Structures are given as C-alpha cells and as structure tokens.
Enquirer: 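Submitted below is the structure of interest, expressed as structure tokens.
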Amino acid sequence: MTLTLTTVPCLADNYAFIIGNPATKEAAVIDVPQAAPINAAILAGGWHLTTVLLTHHHWDHIDGLDGLTNSADLHIIGAAADAHRLPALRTAVAEGDTIHVCGEDAQILDVSGHTVGHIAYHFAQSGFAFTADSLMALGCGRLFEGTPAQMWESMQKLRALPPETLICSGHEYTASNAAFALTLEPDNADLRSRVETIKTARLNSEPTVPSTLAVEQQTNPFLRADVPALKHAIGMDNADSTTVYAEIRARKDRF
Ligand code: ZN
Ligand code: FE
C-alpha cells in the first residue's frame, strides 16, 4: 500500500500536502499555512483528517491550524526542540524517531539551517519526504537561524534518501531558484532542460513541487557543493564543500 499525495497551494506561494490512506480514508496534513484550501481538499477527497505534521515554527507553516474543520480532535506532531514555539503538540519528536501515520511509518530527520529545530518527515514506503523550507525545488531555505555548515549537513542527509523520493517542499520559488542556479552552472545540460520544463509549468500555472530527489541531485546547486563540476563552474575547485555551500548560499542571498 502506498499513500496518496495531494499538493495544496496556500497563501501566495506556500504548499501544504495531504497524505491519505485509500483503504481507511484516514489523512494527515503536512504544515498548515492556511485553513480554507486544506479544508476544501479534505472535503473533496472524502478524507478524515486525523493528524497534523509540522516542520517548523514559522507563521506561514502553522497559522491555519485553528481554522481546520476538526482542529480540536487533531493529533499534532512536531519537533521537541521547537515545542516552545509551536502550537501545543501531542507528540514531540526528534531525529531518529519513527512515527506511525495513516498506516505507514515515517522517520524524522533533523534538517536544521533555515531554523534550528526544523524537521523533515520521510515516508520510505510511499517515497515521500516533506522538507518544507530545508531542501526546496532547485533551492533551499534562507539561513535565519542555522549556520552554513548545519544546512550543508542537512542537505547531505536528504541527498542520501532513495533517488526516486518525492521532495515535497514548502514554497513555489522554483522559477527564481532556476534563474539563480543558471548563473552558477550555465553549462549543466540537466539544469538547462529542467529550467525549460519549469518555465512551461509556470506559464500554465502548474506547481513545480514536488520534484524527485534524482532531479535535485543533478540540478540543485545546494546539493552539489561537493560535486567537482559545480566547484569548477564557480572557480572553487580546491575549496572544501562547506565553504562552497556557504558561498552558494551567500550568492543566492544577494541574487
Ligand atoms: Zn520558513
Ligand atoms: Fe516558509
């Protein structure tokens, strides 16, 4: 059995995700930027929402919680490290924990960097990773709290997941991420063809999220700080990967 995945656009450029068990009709939502579109998707799918998985404390990932149709009954799961700044959790988790959601096990990864305490949820059986503002389509979140070394470590944890994993990230930032990635690796053929796909998708108002990890490995500069082709392209052949990662992140901040 694999879970179904529904991508729910929220606010200006956020995504929430609904996973559902087709046999039991049980569903969980990952992050709650805004209640109305999630309530509508739950209703349309005939789901019974039981669980909320939170990735980090930023308002655009939690503010819709109280507006969910059956908000009082929901099992809310989030990082123990962030419990003081998240809505009240029923289950507080940390890296290495396994939770059971909609009939499937999910592993918790600490992917700090954007914030310290940001977690990702990996559903190995269905092949989903909910990465929010850590690893994003062709990008990664800004470093509000963590260091480049921390985020680079997080990127490497996510990069080690099976290549067919769907990376379910928190925002539609892919078009601007693509423009930036091209400044680093203009000769990366995989990147160039992906950028064309992204342009077409956005012209048709289609989401570019989720994406597969395999595609991110080939094209996302933030996963490539130790790849010789990228290091060479930005003139840092001999630099260590943390330094290269920090340089890429700094260039993106100025882009
Ligand atoms: Zn955030
Ligand atoms: Fe966000």
Side-chain angles (χ1 to χ4, degrees), residues 5-19 28-38 41 52-68 76-87 89 92-95 108-122 128-155 157-158 166-181 198 202 207-211 216 220 222-223 245 248-250 252-253 255:
L5 177 70
T6 308
T7 304
V8 186
C10 295
L11 304 173
D13 57 26
N14 277 79
Y15 289 119
F17 299 91
I18 294 168
I19 52 173
V29 64
I30 296 87
D31 283 344
V32 195
Q34 187 185 10
I38 296 169
V52 178
L53 307 179
L54 300 174
T55 60
H56 68 298
H57 74 284
H58 282 158
W59 70 271
D60 63 314
H61 298 257
I62 63 175
D63 266 13
L65 196 54
D66 290 341
L68 292 177
I76 300 171
I77 299 175
D82 265 346
H84 62 287
R85 55 185 182 177
L86 287 172
L89 301 176
V93 296
E95 171 144 307
I108 309 301
L109 299 172
D110 182 317
V111 291
S112 289
H114 176 67
T115 63
V116 173
H118 193 309
I119 55 174
Y121 298 88
H122 178 223
F128 306 145
F130 297 96
T131 60
D133 297 356
S134 59
L135 176 60
M136 305 176 106
L138 269 183
C140 74
R142 219 172 246 273
L143 301 183
F144 287 117
E145 298 179 1
T147 64
Q150 247 172 337
M151 188 61 127
W152 173 230
E153 198 190 321
S154 299
M155 294 294 107
K157 280 182 204 172
L158 293 165
L166 281 178
I167 301 300
C168 305
S169 53
H171 290 271
E172 183 58 61
Y173 292 162
T174 319
S176 76
N177 288 344
F180 171 70
I198 289 163
R202 294 311 294 153
T208 61
V209 173
S211 52
E216 297 302 333
N220 186 330
F222 297 98
L223 288 183
Y245 178 86
I248 298 169
R249 190 57 254 178
K252 178 65 164 66
D253 292 343
F255 182 70

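Numbering of ligands and ligand atoms starts at 1, following listing order. Keep in mind the model is a prediction, meaning the values are calculated, not measured.
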Enquirer: Could you check which N/O/S atom of Asp133 is closest to the Fe ion (ligand 2)?
Expert: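 Closest to the Fe ion (ligand 2) among those atoms: OD2.
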
Enquirer: With the Zn ion (ligand 1) at the apex, how many degrees lie between NE2 of His114 and OD2 of Asp133, rounded to 10 degrees?
Expert: 90°

Enquirer: State the atom name: nearest N, O or S atom of His56 to the Zn ion (ligand 1).
Expert: NE2

Enquirer: Quick check for you: to the nearest 0.5 Å, what is the distance between Asp31 atom CG and Leu65 atom CG?
Expert: 10.0 Å

Enquirer: On a heavy-atom basis, which atom in Arg85 and which in Ile62 lie closest, and how many Å separate them?
Expert: O-CD1, 4.5 Å

Enquirer: To the closest 0.5 Å, what do you measure between SG (Cys10) and CG (Asp63)?
Expert: 11.5 Å

Enquirer: Would you say the Fe ion (ligand 2) has His171 as a near neighbour, meaning an N/O/S atom of that residue under 2.8 Å away?
Expert: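 Coordinating: yes.
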
Enquirer: Testing His58, Glu145, Arg142, Gln150 one by one against His114 for a side-chain hydrogen bond (donor to acceptor under 3.5 Å, both in side chains), which residue passes?
Expert: His58

Enquirer: In His58, the N, O or S atom nearest to the Zn ion (ligand 1) is which?
Expert: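 Of all N, O or S atoms in His58, the Zn ion (ligand 1) lies closest to ND1.
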
Enquirer: What atom name does the N, O or S atom of His61 nearest to the Fe ion (ligand 2) carry?
Expert: NE2

Enquirer: Please find the pair of heavy atoms, one from Cys168 and one from Leu5, that lie closest to each other, and give the distance.
Expert: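 Where Cys168 meets Leu5 most closely, the heavy atoms are SG-CD2, 3.8 Å.
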
Enquirer: Output yes if His118 passes the N/O/S-under-2.8 Å test against the Zn ion (ligand 1); output no otherwise.
Expert: no

Enquirer: Have a look at Asp60 and say which of its N, O or S atoms is nearest the Fe ion (ligand 2).
Expert: OD2

Enquirer: Applying the side-chain contact (heavy atoms from CB on, under 4.5 Å) test to His171, which of Asn14, Asn177, Val209, Leu11 qualifies?
Expert: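 By the side-chain contact (heavy atoms from CB on, under 4.5 Å) criterion, His171 pairs with just one of Asn14, Asn177, Val209, Leu11: Asn14.
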
